[in-house]
*Asks:* 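Just passing along the structure, written as structure tokens.
Below, all heavy atoms of this structure are taken into account, side chains as well, without hydrogens, waters or symmetry copies.
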Amino acid sequence: MVKNLFLPGFSQEKNPGSVEFQVVNFTNKIRRLTSHLELHRKDFLSQRGLQKILGKRQRLLSYLSNKNRIRYNKLINQLDIRESIIR
């Protein structure tokens with residue numbers, strides 16, 4: 001399990017309220033929980049937490065794509081996550 005996964009290119013001094021910063025934090029949590037669930041397959045509480053975090057990140061990404069498509073595409077490419085169908 002990866003304890004301190006940090007994505008390069010994002011510093012801690014950025015505005016913690018920005019959408020990009022929140023998405024990066026959620027992505028770190030998602031990757032950490034995913035590695036935890038590979039070891040502990042029957043940890044259903046962690047699975048539920050992972051689903052909640054995925055939903056929060058998806059809503060933030062949807063908001064960002066509606067407001068500023070350029071920043072959205074840049075963030076998707078930097079984090080190496082798939083672009084999903086936007087509701």
*Asks:* Decide yes or no on side-chain contact (heavy atoms from CB on, under 4.5 Å) for Arg69 and Asn73, but give the supporting numbers first.
*Replies:* CA-CA 6 Å; Arg69 192 68 179 185; Asn73 287 330; 3.9 Å; yes
*Asks:* Would you say Asp80 has more than 12 foreign heavy atoms packed within less than 6.0 Å of its CG?
*Replies:* no
*Asks:* Would Asn68 and Val19 count as a side-chain contact (heavy atoms from CB on, under 4.5 Å) if you check the C-alpha gap in whole Å, the side-chain angles of each, and the deciding distance to 0.1 Å?
*Replies:* CA-CA 11 Å; Asn68 192 337; Val19 176; over 6 Å; no
*Asks:* So, taking the atom named OG in Ser46 and the one named CZ in Arg41, what distance separates them when rounded to the nearest 0.5 Å?
*Replies:* 14.0 Å
*Asks:* Please report the closest heavy-atom contact between Arg31 and Leu79, naming both atoms and the distance.
*Replies:* NH2-O, 2.7 Å
*Asks:* So, taking the atom named CG in Leu54 and the one named CZ in Arg59, what distance separates them when rounded to the nearest 0.5 Å?
*Replies:* 11.0 Å
*Asks:* As an exercise, state the distance from CG of Leu50 to CZ of Phe44, rounded to the nearest 0.5 Å.
*Replies:* 13.5 Å
*Asks:* Would you compute the distance between atom OG of Ser35 and atom CG of Leu39 and round it to the nearest 0.5 angstrom?
*Replies:* 7.0 Å
*Asks:* For Leu60 and Phe26, which heavy atoms make the closest approach, and how far apart are they?
*Replies:* CD1-CE1, 3.5 Å
*Asks:* Output the distance between atom CD1 (Ile76) and atom CG (Leu64), rounded to the nearest 0.5 Å.
*Replies:* 8.5 Å
*Asks:* Only one of Leu33, Thr27, Asn25 clears side-chain contact (heavy atoms from CB on, under 4.5 Å) with Ile53; which?
*Replies:* Leu33
*Asks:* So which heavy atom on Ser62 is nearest to which on Ser65, and how close?
*Replies:* O-OG, 2.8 Å
*Asks:* Might you work through the side-chain contact (heavy atoms from CB on, under 4.5 Å) test for Ile81 and Leu75, ending with a clear yes or no?
*Replies:* CA-CA 9 Å; Ile81 53 179; Leu75 185 64; over 6 Å; no
*Asks:* Which distance, rounded to the nearest 0.5 Å, do you find between the CZ of Arg57 and the NZ of Lys29?
*Replies:* 12.5 Å
